[in-house]
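Heads up: the structure comes next, in structure tokens.
These figures come from a predicted structure and were not determined experimentally.
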Amino acid sequence: MGSVYGTSFLNAFVDGSQIVLVARDGSGRRTLSRVPAEWVSYFRTADLPSELQRDLLRSSHVLAARREGPWLRVSWRSREAREWICQDRASPVVAQGVPTYEGDVDPVRRWLTDSPCTIARPRLVYLDIETDSRVPFSRKEEMRVLAWTLVEPGGKKVHAVLRADTDAGERDLLRQLWAELAAYDCVVAWNGGDPIKREGFDFPVIVARTDYVGGITVDPREWLWLDHLPLFKRMNMHAAESGAEKRSFKLQSIAMAVVGEGKDDFDASRTWEAWEADGAERLRMQRYNIKDTDLLRRIEEKTGYIGLFFTICEVCKLFPQTQSLHPTRQMDGFLLRLGQERGHHFPTRIFRDGSAVTEQFEGALVMEPKVLDAEWRARRQMVTGILREVHVADFASLYPSIMITMNMGAETKVAGAPVQGPIPEGLCRAPITGVSFSTREQSILAFAVEELIRLRKVWGDKKASLPPGTPEWYDADRRSMAYKVCANSFYGVTGSPFSRYFDASVAESVTQTGVWLLKLTSAEAEKRGWEVIYADTDSIFTVGCTREDFAKFVEWCNTDLYPRAIREQGCTVNKIKLAYEKAFDRLLFTAGKRYVGRYSHYKGKAATADSKPEIKGLEYKRGDVSLLAVQLQERVMKMILDGEERLAAYEAVILRDRAHVLEEPLTLEEIVKSQALSKPLKEYGPQPGKDPTPEGAHVRVAKVLLERGQDVGEGTRVEFVVTDASVSPMHVIPAEDFDGTCDRYYVWDTLVWPATERLLSCAFPSGGPGGGGWESYGRVRPQRKSPLRGGAGEGQGALWGPPVPAANRLTGTPTVPAALPKPLVVELHEARLAPPSGLEKVKAVLARFPGTRPVHLRLVLATGAVALLTTSVRVQPSPALDAALAPFRAA
DNA sequence: ACCTATCTGATGGCTG
DNA sequence: CAGCCATCAGAT
């Protein structure tokens with residue numbers, strides 16, 4: 001088939017015994033060509049006993065066989081024949097334990113791997129349809145299509161609406177749609193799903209309706225169907241700045257978060273009525289449809305995710321359709337091709353049943369943040385938990401670098417090499433696991449990852465050489481990013497039992513070499529008298545040194561420490577590189593993987609007043625917490641980072657929000673919780689052969705929504721409101737049923753306050769104003785149920801619950817850890833601290849009496865109330881200090 | 001059908 | 001029935 005070699009293809013699919021290849025000719029016309037579909041498996045001839053080889057070659061199931069170096073390439077007559085030979089226990093190949101290679105690769109992948117063709121950039125179009133709203137979602141194939149819109153990336157729109165509520169009318173509408181689609185190759189829709197598998201919405205509906213109305217000759221396989229929703233999710237999860245883009249994946253919510261565009265004023269659950277009403281109503285529905293479609297285009301304009309995905313597909317030789325989003329497919333595309341070029345083949349992927357126990361392996365090192373330990377703080381005389389001037393270094397692309405440096409790969413792994421002691425010539429050994437790899441020939445994995453990193457740099461350099469913002473600059477940027485995405489995902493695929501590259505000992509050697517490097521680096525930093533206060537996977541956080549010290553240290557690690565240590569493991573190359581990434585001016589941990597900090601510099605560039613803080617793991621970043629919780633946490637976070645030390649200032653913010661939660665009307669968006677269904681709804685609840693597990697609130701709500709005919713498939717985010725958490729299981733309602741009633745005590749005690757309490761009790765561990773513990777702001781639920789609930793106050797539930805009992809204000813046991821030195825308490829009078837510099841004057845006085853005890857300043861306000869100000873100053877109490885403070889003392 | 005580590009909250013059994 | 005504990009699910 002010389003005519004199709006070396007060209008570019010848009011799509012391909014198996015049709016009987018042939019592959020149909022889709023391309024476009026010079027004038028842009030779509031062309032179809034056919035090549036034979038091959039069901040291939042490889043053997044190593046050395047593995048095949050001669051008798052078995054003879055039998056194989058004579059078998060009627062074999063279409064063709066040829067030698068390729070040490071390999072035997074066998075083309076089977078059918079998929080079933082190949083499956084039996086490679087996977088069935090009764091087959092002589094499996095019975096004799098002869099390994100097979102790539103015996104699961106489908107004909108399209110095989111052809112793409114073997115031919116030097118490239119992936120063409122498809123013509124992209126966005127699609128959205130409106131359907132009959134009277135039909136429940138569970139019968140989506142029975143919904144009549146009322147309108148459709150296509151939008152091009154450039155903004156050009158085509159729209160059509162049903163002319164008559166008849167099958168003939170719908171046939172015309174769909175015929176028009178397919179005629180327009182002929183100009184495009186890749187169709188993008190939000191929750192479009194899969195046209196064949198009945199998943200999602202738009203794609204299966206138009207295919208099912210086309211079948212139903214009849215008379216339209218079209219093969220949907222000629223198009224690439226790409227679901228924008230999972231694509232956005234996958235690309236955005238790591239990139240999202242806050243939880244706003246994770247809360248709901250409805251098009252309207254994402255559009256709001258990304259392009260800042262609100263809903264069109266139209267009730268989507270009444271499309272039928274709008275169509276039937278004709279006139280202005282119908283026009284509104286049409287406008288709504290057009291606008292929704294255009295939102296897809298605008299989301300892509302902002303994010304560039306589809307463009308990046310197209311580039312990833314080009315790099316990995318995949319067609320840009322929904323299935324190609326899976327990293328296993330991406331790595332398969334890249335590595336099968338690379339193996340072919342280098343005369344190497346990979347094991348047949350065995351389909352294990354779900355119940356099989358998969359091999360687990362150890363992961364990365366995560367240190368408990370030292371600052372959370374009260375004794376540690378006491379030793380360092382820290383009154384607050386806020387760290388200052390913390391230097392952070394991290395390894396550049398740690399896992400890819402390790403894979404290259406240790407030449408890791410299933411085929412370079414050496415069985416039976418010594419786990420400790422001297423390392424034999426020609427081997428290198430991963431520390432901790434003791435797994436050895438040959439250094440004589442580069443592994444495919446190492447080569448692949450090195451190639452990806454090299455190409456990333458090529459395009460990164462190219463980008464730097466181009467005028468920013470030009471199409472070429474964007475293209476180079478996307479390519480550089482695509483190579484990075486691939487390089488980073490390869491370790492994960494190696495650790496996945498569903499991948500043909502799965503090897504737990506290789507994956508574990510990757511993670512444990514990381515652990516070893518981190519510990520090595522940490523030990524060296526501590527030898528210099530600095531303290532490593534936190535480390536996670538590929539980064540270390542250090543205090544006690546200057547910027548110059550730390551920069552020099554990182555340099556020394558790269559030029560001295562690592563080259564030496566790596567050589568000692570027998571490696572012949574070294575790609576390990578540490579970088580001084582940033583320093584935090586202020587940094588607050590609440591737990592491992594949870595912190596917020598403000599930079600003093602980032603890669604040497606000094607931070608400015610508007611530099612955004614770095615937030616990791618906190619509720620602020622999560623999509624499942626209520627908005628009120630996020631807002632309070634955000635405010636308090638900013639205050640902490642701004643250096644606010646007057647606890648009374650925090651109290652004001654807390655009490656204001658608490659009063660709002662307990663006493664004022666609350667909006668749905670402030671309190672709604674959102675959780676995803678991680679599996680199909682049917683799989684919740686008691687499962688045969690498994691212990692019964694309690695049903696989560698979101699599952700109970702999802703079942704109600706299902707009853708109402710809504711789409712609640714796997715991955716759907718369910719929004720709900722808790723109406724009574726004082727009973728078990730707690731009472732919940734779908735968000736759409738919210739009428740202003742909710743359990744306010746639950747909202748404060750569980751949803752809102754704990755997230756902020758954790759911040760404050762880590763920042764100011766000795767407690768809130770007046771020395772009470774921060775926990776005293778919580779526990780607002782009265783001991784007994786409000787008499788208003790259920791009885792006389794019918795219909796109000798907890799909505800108008802009683803105000804917070806006075807007993808719950810600022811009481812509780814102080815939480816000063818016993819190990820901390822007792823602070824010296826100095827009472828000051830507000831009037832004597834006249835701004836602007838009153839407090840500074842007091843601090844200046846304190847600074848003249850350096851010592852070992854922390855000071856708490858109690859400020860007596862004009863109203864008689866007392867506020868507590870913590871200081872970072874420590875003093876030696878003395879009569880002289882007493883005298884110096886006298887002018888500021890309270891009467 | 002990409003890994004592990006970690007944290008948080010819901011739930012239900014057990015205990016005093 | 002509050003508090004402790006183990007277990008599970010979900011999120012990062």
Side-chain angles (χ1 to χ4, degrees), chain A residues 230 233-234 236-240 242-243 246-247 323-332 349 351-352 354 358-369 372 399 485-504 506-512 514-515 534-538 589-595 615-626 629 673-679 683-684 687 690-700 714-715 717-718 720 722 725-730 732 746 749-751 754-755 757-758 779 781 783-784:
Chain A
K233 240 188 212 176
R234 196 171 276 271
N236 198 54
M237 268 317 185
H238 300 289
S242 73
K246 305 172 193 163
R247 198 149 282 131
Q323 301 99 291
S324 302
L325 284 169
H326 299 299
T328 39
R329 299 234 181 187
Q330 294 170 4
M331 184 168 172
D332 226 18
R349 193 166 61 125
F351 293 90
R352 299 151 216 252
T358 60
E359 233 173 312
Q360 299 279 99
F361 60 91
E362 293 279 302
L365 172 83
V366 182
M367 239 178 91
E368 159 97 17
L372 298 181
Y399 287 0
V485 168
C486 293
N488 286 340
S489 67
F490 279 18
Y491 146 75
V493 178
T494 303
S496 166
F498 298 103
S499 135
R500 78 175 77 255
Y501 312 101
F502 174 63
D503 190 321
V506 170
E508 189 167 59
S509 295
V510 174
T511 61
Q512 297 313 292
V515 171
Y534 181 65
D536 182 354
T537 312
D538 61 355
F589 278 98
T590 69
K593 293 186 182 289
R594 288 176 169 240
Y595 59 85
I615 303 163
K616 297 281 187 204
L618 296 176
E619 284 72 6
Y620 175 83
K621 295 276 271 189
R622 297 174 64 105
D624 60 339
V625 295
S626 72
K673 288 237 298 174
S674 157
Q675 269 185 308
L677 296 168
S678 65
K679 52 187 177 186
E683 289 175 25
Y684 286 93
Q687 292 293 306
K690 286 190 177 173
D691 288 340
T693 56
E695 215 156 61
H698 68 308
V699 179
R700 298 197 301 272
E714 184 175 354
R717 290 197 78 94
V718 180
F720 62 94
V722 175
S726 69
V727 294
S728 178
M730 60 192 190
V732 287
Y746 170 83
D749 281 345
T750 309
L751 297 188
E757 188 199 348
R758 278 189 288 274
R779 293 174 167 280
R781 186 186 296 284
Q783 296 299 66
R784 286 175 214 292

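One P atom belongs to B:dA1, the other to C:dA9, and the distance between them is 15 Å to the nearest Å.
In 5' to 3' order, the nucleotides of DNA chain B bounding all contacts with chain A (an atom under 4.0 Å from a heavy atom) are B:dA1 to B:dG12.
In this structure, the side chain to side chain donor-acceptor pair (under 3.5 Å) partners of A:D503, at least two apart in sequence or on a different chain, are A:K413, A:S505. Residues that satisfy the ring-ring contact (aromatic ring centres under 6.0 Å, His included) test with A:Y746, not counting sequence neighbours, are absent from this structure. In this structure, the side-chain contact (heavy atoms from CB on, under 4.5 Å) partners of A:A591, at least two apart in sequence or on a different chain, are A:R594. Listed by chain and number, the residues in a ring-ring contact (aromatic ring centres under 6.0 Å, His included) with A:F720 amount to none (sequence neighbours excluded). Taking the salt bridge (Lys or Arg N to Asp or Glu O under 4.0 Å) definition, one finds that A:D536 meets it with A:K593, sequence neighbours left out. Not counting sequence neighbours, the partners of A:P754 by the side-chain contact (heavy atoms from CB on, under 4.5 Å) test are A:R758.
Of the two residues contacting DNA chain B, namely A:S489 and A:V366, the nearest-nucleotide position lying further toward the 5' end is that of A:S489. Residue-to-nucleotide proximity on DNA chain B shows that, of A:A364 and A:F490, the 5′-proximal contact is made by A:F490.
Across all strands shown, A:Y399 has no heavy atoms under 4.0 Å from either base or sugar-phosphate atoms. A:M331 comes within 4.0 angstrom of no nucleic acid atom, judged by non-hydrogen atoms across all strands. A:G495 comes within contact range of the sugar-phosphate backbone alone, with a heavy-atom separation under 4.0 Å but no base atom that close. A:R500 comes within 4.0 angstrom of no nucleic acid atom, judged by non-hydrogen atoms across all strands. In this structure, A:G592 reaches the sugar-phosphate backbone alone: every heavy-atom distance under 4.0 Å involves primed, P, OP1 or OP2 atoms, never a base. As judged by a 4.0 angstrom heavy-atom cut-off over every strand, A:T750 is placed among residues touching the sugar-phosphate backbone only. Contacts of A:Y501 with the nucleic acid, taken as non-hydrogen atoms under 4.0 Å apart, are absent. Residue contacts shown for A:A507 are absent, as no nucleic acid heavy atom lies under 4.0 Å away. Within the 4.0 angstrom heavy-atom criterion, base atoms lie near A:P327.
Here the closest non-hydrogen pair linking A:I615 and A:K621 is O-CE, 3.3 Å. Across A:D624 and A:Q675, no two heavy atoms sit closer than the pair CB-CG, 4.4 Å.
Here salt bridge (Lys or Arg N to Asp or Glu O under 4.0 Å) pairs that include residues 323-332 of chain A, with residues two or more places apart or in two chains, are A:D332-A:R500.
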Using a cut-off of under 3.5 Å, enumerate the N/O to N/O pairs linking the protein to nucleotides 10-12 of chain C.
{"residue": "C:dG10", "atom": "OP1", "partner": "A:Y684", "partner atom": "OH", "Å": "2.7"}
{"residue": "C:dG10", "atom": "OP1", "partner": "A:H698", "partner atom": "NE2", "Å": "2.7"}
{"residue": "C:dG10", "atom": "OP2", "partner": "A:S678", "partner atom": "OG", "Å": "2.0"}
{"residue": "C:dA11", "atom": "OP1", "partner": "A:A676", "partner atom": "N", "Å": "3.1"}
{"residue": "C:dA11", "atom": "OP1", "partner": "A:R717", "partner atom": "NH2", "Å": "3.0"}
{"residue": "C:dA11", "atom": "O4'", "partner": "A:R622", "partner atom": "NH2", "Å": "3.1"}
{"residue": "C:dT12", "atom": "OP1", "partner": "A:K621", "partner atom": "O", "Å": "3.3"}
{"residue": "C:dT12", "atom": "OP1", "partner": "A:G623", "partner atom": "N", "Å": "3.0"}

